[in-house]
Amino acid sequence: MKFEVLKSSVGEWLKGTGPESDIVMSSRVRLARNLAQYPFVGRASEMERREVEEFLRSRLTKTSVGSRLEYMDLGGLEDLDRQFLVERQLISREHADATGARGVAIDSAEQVSLMINEEDHLRIQCLHSGLDLEAVWAQIRSVDEEIEAVVPYAFHQRWGYLTACPTNVGTGIRVSVMLHLPALVITRQIDKVFRSLHKISLAVRGLYGEGSQAFGDFYQISNQITLGRTESELISQVADVVPVLIDYERRARDFLLEETERNVHDQVSRAFGILRTAQTISAEETMQLLSRVRMGVLLGLVDDLHVSDVNKLLVRTQPAHLQKMKGIDLDTKDRNIERARFLRSYFEAGSSGEN
Amino acid sequence: MQCQQCDKQAMFHITELETGDVRELHLCEDHARVYLNQAEADSQENESDGTGGAVGVGQTAKELSEIDQRVCEMCGITFFEFRNQGRLGCPHDYVQFEEELEPLIANIHGELKHTGCRPKRERSAEDQSVLPESTEKLTSVIGMRKEIREAVEDEDYEVAGTLRDDIQKILHQWHAEESKE
Ligand SMILES: [Zn+2]
Ligand SMILES: [Zn+2]
């Protein structure tokens, strides 16, 4: 099974490479597409959903991209495996939790993922490490063009690509970048920054946790509008604001170093200390501490640890990853113990010893 | 996303900017209507900035219930069902409910015309403001499948068989055109 490979690797987007990867974790573009000859997923009968899945699956094998991808039937997977794919950002939580015929095709680098029967018949996602929207767009555009040659997309001259929800109609594009902004959080400037983003109709949400209560200072910026602008314009809308945010975050990091180096160093060291020695630790606390340590690594306050190690740990300490590694289902209490055990042994072994 | 005031799907994502303060609202159709009516009453300015023209806002109850009863001839969804779930039933809904969707789409996107990429096969027909012929034909298959189900229920297998053949013809025609390119 493919999971054996996934378990021992991490996606390309976690490698901590690519432009500005000290602050920009990843760049992602998603396209929503539907077949013209079927009702949207929410209104399709189970038989129609199965037909959509079979149709898309068989058509995708006719494309060169499709033949490179590994297909997984989500309905046939265990809950834990679906959860694992969510943590890996290869499928959405909604896609995991839905019922009925649905699937996902992913490439071995975990950059391309094609979700079948999510909210739309087809959702194409492309994910890269660092700030790399141009390359992501080029890649997803070529995937989309390959598929459009063998699949009748529902398209309207005026409304563009037709989607189940009118909020996605037109380009069907969602452009997002995931940013790590710990210094803006510590210096309490983050709300001000987000307010200015809302004014230019960009959406911000915390990557982990609910609503604005983000764990670990990871934030996702994305476009809200999808109609009446070209894909390039929508990509620029997000891309143009990123350098500004990077600049703010860098300045806040410099400020912390100059004005409160002792304090910052203390916070980072304590965070690292807890991660190395805790006997039980929640996912939320882990996220928060890893965020501090990640900043510490980038500020040169932590030796012997690479950003890619921290990125990997952010994913591998999540519930499904821990359980897949351990090979058994664990409740929250046991997960917290297992998470602490995993972290201790990871740091004991020496971070660069593996992978 | 869920409405902040009930369990329904949030259809309206409103960002309010008030004297240096930002409030984000995620509301279902009904609560958005209440909120927007309120907001309109609060501020005396009555500009046509999109929000005032949204579906359900500023329309009488009678007009609304008439709109709600409209049905897509392909997938059978009513406009009321769409308003409740926040999801359309099939691609044809964008044709069937074009007039009703217009204010809603204007409210969400501030624009009413796609300017982005288009499938290669549609690029030559940029001036039409309708479903391309091929898409139109294919969406009719959705209605035909519904008719098949009804025919089978009525044990009218002959009609069901003919419809199945018709569907196959339409799909084959598309595949034939596609492989010609
Ligand atoms: Zn509501
Ligand atoms: Zn319909």
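None of these values were measured; they are calculated from a predicted model. First the proteins, then the strands, lettered A, B, ... as listed; each starts at 1.
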request  = Among A:Gly172, A:Gly160, A:Ser45, A:Pro152, single out the residue with the greatest number of heavy-atom pairs under 4.5 Å to chain B.
outcome  = A:Pro152
remark   = Pair count under 4.5 Å, heavy atoms only, with chain B: among A:Ala164, A:Ala44, A:Ser201, highest is A:Ala164
ask   = Quick one: is the NZ or CZ of A:Arg43 closer than 6.0 Å to the six-membered ring centre of B:Phe82, and within 45° of its axis?
value = no
Option in B:Ile170, B:Ile167, B:Ile142 with maximal non-hydrogen atom pairs under 4.5 Å from chain A = B:Ile142
Side chain / backbone / both / neither for A:Thr163 at chain B, heavy atoms under 4.5 Å = both
ask   = A:Val169 versus chain B, heavy atoms under 4.5 Å apart: side chain, backbone, both or neither?
value = both
Interface residue of largest heavy-atom contact number with chain A, from B:Gly116, B:Gly89, B:Gly110, under 4.5 Å = B:Gly89
ask   = Given that the side chain runs from C-beta out, which part of B:Leu112 has a heavy atom under 4.5 Å from chain A: side chain, backbone, both or neither?
value = both
Region of A:Glu94 that comes under 4.5 Å of a non-hydrogen atom in chain B = neither
key: Distance-only side-chain donor-acceptor flag, A:Gln189 / A:Tyr248, under 3.5 Å   = no
Segment of A:Ile173 engaging chain B (4.5 angstrom heavy-atom cut-off) = neither
message = So for A:Ser232, is it side chain, backbone, both, or neither that comes closer than 4.5 Å to the heavy atoms of chain B?
response = neither
request  = Name the option with the most non-hydrogen atom pairs under 4.5 Å to chain A; the candidates are B:Leu171, B:Ile77, B:Val141.
outcome  = B:Ile77
ask   = Side chain of A:His121, backbone of A:Pro39: donor and acceptor closer than 3.5 Å?
value = yes
query = Is the ring centre of A:Phe194 less than 6.0 Å from the ring centre of A:Tyr219?
reply = yes
request  = Mind checking side chain to side chain contact (heavy atoms under 4.5 Å, CB included) for A:Val104 and listing every partner two or more places apart, or none if nothing turns up?
outcome  = A:Met72, A:Leu74, A:Leu85, A:Ile91, A:Ile106, A:Ser113, A:Met115
query = Checking A:Arg33 against A:Tyr153: charged group under 6.0 Å from the ring centre and within 45 degrees of the axis?
reply = yes
key: Selection from A:Thr230, A:Leu227, A:Asn34 maximising heavy-atom pairs under 4.5 Å formed with chain B   = A:Leu227
task = Please determine if A:Arg50 and A:Glu54 form a salt bridge, counting it only when a charged side-chain N lies under 4.0 Å from a carboxylate O.
result = no
task = Considering only NZ, NE, NH1 and NH2 on the basic side and carboxylate oxygens on the acidic side, decide whether B:Lys120 and A:Glu148 come within less than 4.0 Å.
result = no
